[in-house]
Amino acid sequence: MSTHDDIPASPAKAMALTVALGVIACGAAAATFSFTLGYVHEIHAGPAAETATILLYGAVIMGIAAWLAKVGQRAMKMTPSAAARRYRRRFLVAMGLYVLALTGAIEADKLLPAGGVLHYGLAVLPALPLMAAIAVMGLYLKEETDEFERASQAESALWATGGLLALATVWGFLELFGLVPHVQSWVAFPAWALFLAPAQVIARRRYR
Amino acid sequence: MKNRLKVLRAERDWSQADLAERLDVSRQSVNAIETGKYDPSLPLAFKIARLFGMSIETIFEDVG
């Protein structure tokens, strides 16, 4: 036993590596998806084949996300707590349900008459797993027994929220003056998640 | 807040990971506490004190 392992891994480098890997993997997956969907259209394989392609793409993206989470933690020399492992598992389940709900809603939308009660339910369907994902994050903060990790994650969430609020405010006014196109509000959650990654780096850097 | 955690740990030849395991926290937590960047809660401070068999004020020094 020795104290030589006291130097923590650089979170910025680890995050940069993870993001770079993510961009490459997601880019490759998106290019393959675009090509495959184009091919499915070209040979008139039918809506079932299109749905299968979309679902497969969703599964691939989720696989990449799970793999990146592991790579990122390894690069940061982090050992995930039991609560963090549960969080990752639950979050992936929620994302899987989201892919299914979104695909299902898009397909069913073609069959349902517009404006009916069912149509409202259908439109809200993809939001439910995302709401579950938000709840999963809250559950993680409740279940995490490591108080430093909890504080660090809560701080990251606040940074991300601040970033999202600032962006939404600036974008809103740009939109008001007709300088940028309208952005739908469901973008808020993925945008917040995008802010969360650099927010975690900022929060961790403070404690190094 | 200053503390003697690193010295106490070195006296026992424990790595940060060893101490983290004994306290049931992450190595990052030990590092943040040791460098004075993060002040532990009262329950964790008591746990640290119990582990080293000392009082809290022997380990942590309020420089504020």
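Letters A, B, ... mirror the listed sequences (proteins, then strands); counts begin at 1.
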Nearest 0.5 Å, what's the NZ-CZ distance between B:K37 and A:R204?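 B:K37 NZ to A:R204 CZ: 13.5 Å, rounded to 0.5 Å.
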For chain A, which of B:A32, B:S29, B:P40 has the most heavy-atom pairs under 4.5 Å?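 Most heavy-atom pairs under 4.5 Å with chain A: B:S29.
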For residues 43-57 of chain B, tabulate all N or O donor-acceptor pairs below 3.5 Å that involve a side-chain atom, not counting sequence neighbours.
unit_1, atom_1, unit_2, atom_2, d
B:K47, NZ, B:L23, O, 3.0
B:S55, OG, B:T58, N, 3.4
B:S55, OG, B:T58, OG1, 2.4

Residues of residues 135-148 of chain A near chain B, each having a heavy atom less than 4.5 Å away: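 Interface residues of residues 135-148 of chain A: A:D146, A:E147, A:F148.
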Is any residue of residues 162-181 of chain A within less than 4.5 Å of chain B by heavy atoms, and which ones?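 Not one residue of residues 162-181 of chain A has a heavy atom under 4.5 Å from chain B.
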Anything under 3.5 Å between a donor and an acceptor, one on a side chain of residues 97-109 of chain A, the other on a protein residue two or more places apart or in another chain? List them.
unit_1, atom_1, unit_2, atom_2, d
A:T103, OG1, A:V99, O, 2.5
A:E107, OE1, A:K110, NZ, 3.4
A:E107, OE2, A:T51, OG1, 3.3
A:E107, OE2, A:K110, NZ, 3.4
A:D109, OD1, A:H119, NE2, 2.6

Would you mind checking which part of B:T35 comes under 4.5 Å of any heavy atom in chain A, side chain (CB onward), backbone (N, CA, C, O), both or neither?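 The answer is the side chain of B:T35.
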